[in-house]
Amino acid sequence: MYSTNESTNDENSGQILVETIRRHEKHTFIIIHSHTACNDPNLRWSFASRGVNMITESMIQIRNVLHQLLPLGQINSKSTYTCPYCKWSLFSFSQLYIHVPLYHTNEEELSIKCQICQRSTRNYAVHLHEEHNDEHQQRSIATPLYAFSLVVCQRKRDNRFLVVQESGSKGFWLPGGRVEIGEQLDKAAERETLEEAGVKIRLIGILKIEFVPRSDINRLRIIYFAEPFDEDNCEPKTIPDYESYGAMWLTYEQTLQCNTQGQLRGNEPLKWFKYIVQNGTIHSLSILSKTEV
Ligand SMILES: [Zn+2]
Ligand SMILES: [Zn+2]
């Protein structure tokens, strides 16, 4: 461990010392204990790129890391693994698992064939963590995300709302459905409304973005507000097919009645039609980006 007194000279000699140690001894765990290095990103970057394992101003964290390092020196009968970064060998799995992040987190990602499962991986550390750590797998990092686009579509001439009569007598509901792989959310909204209700729409805004994590999947729902693309040509589809039994335009009052008579699949139509009738906020479509910004 190298402790500095915050002067430029010290930083320079510290870096030279680090380089010297690193050149001769790959297994030494180098800690820089420095307030300056912890608050100056350039200095921190420079130490890290010279192979410093840890840069800290916390004595507690130094004590903790020393505890983590202790088991690495012990050789036991299960010692069969070699670190692909530094070739330090005779590790047990748990030693390798401790060693890799402590020594190599800042190194360039390494593509190798995993010694444990024989599979090739483009990022060894991530692979080790995600594929060979039971605890991590239980947290199920790969929880699927199901995205749905739903549409509240209102036509101006009579303020009626578009509903789909779902198959299997499930009831009236909002047009919309699951977003397909490679599909944009707005395209899914337009496609599903055309498929289920036979109406071509123009999206106007967004009413809500809902994210609901569950034990099996995480669910994302976007509730869009839309109008018919052509008010004079927005006849709903009525031929039953795989998408729906049919579709229709309902007034808010009719929707209320359907609700009392148990004809709604869920409360979404009533909730959102009421929201529109009561002049709820319609957010701009641009709050949802189609690319990483
Ligand atoms: Zn190593
Ligand atoms: Zn593996």
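In listed order, ligands and their atoms are each counted from 1.
- Around the Zn ion (ligand 2), protein N, O or S atoms at less than 2.8 Å number 4.
- Look at Glu231 and Arg155 and you find no salt bridge, because none of the NZ, NE, NH1 or NH2 atoms lies under 4.0 Å from a carboxylate O.
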Test salt bridge (Lys or Arg N to Asp or Glu O under 4.0 Å) applied to Glu195 and Lys237, step by step: CA-CA 9 Å; Glu195 286 173 357; Lys237 78 150 226 183; over 6 Å; no

Step-by-step side chain to side chain donor-acceptor pair (under 3.5 Å) determination, Tyr97 to Asn133: CA-CA 9 Å; Tyr97 192 76; Asn133 173 14; 2.6 Å; yes

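- Linking Ile, Leu, Val, Met, Phe, Trp and Tyr whenever their side-chain heavy atoms come within less than 4.5 Å leaves Leu270 and Tyr224 in two separate clusters.
- A donor atom on one side chain and an acceptor atom on the other are not found under 3.5 Å apart for Thr56 and Ser58.
- Nearest N, O or S atom of His99 to the Zn ion (ligand 1): atom NE2.
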Derivation and outcome, ring-ring contact (aromatic ring centres under 6.0 Å, His included), residues Phe273 and Tyr252: CA-CA 6 Å; Phe273 300 169; Tyr252 177 61; 7.6 Å; no

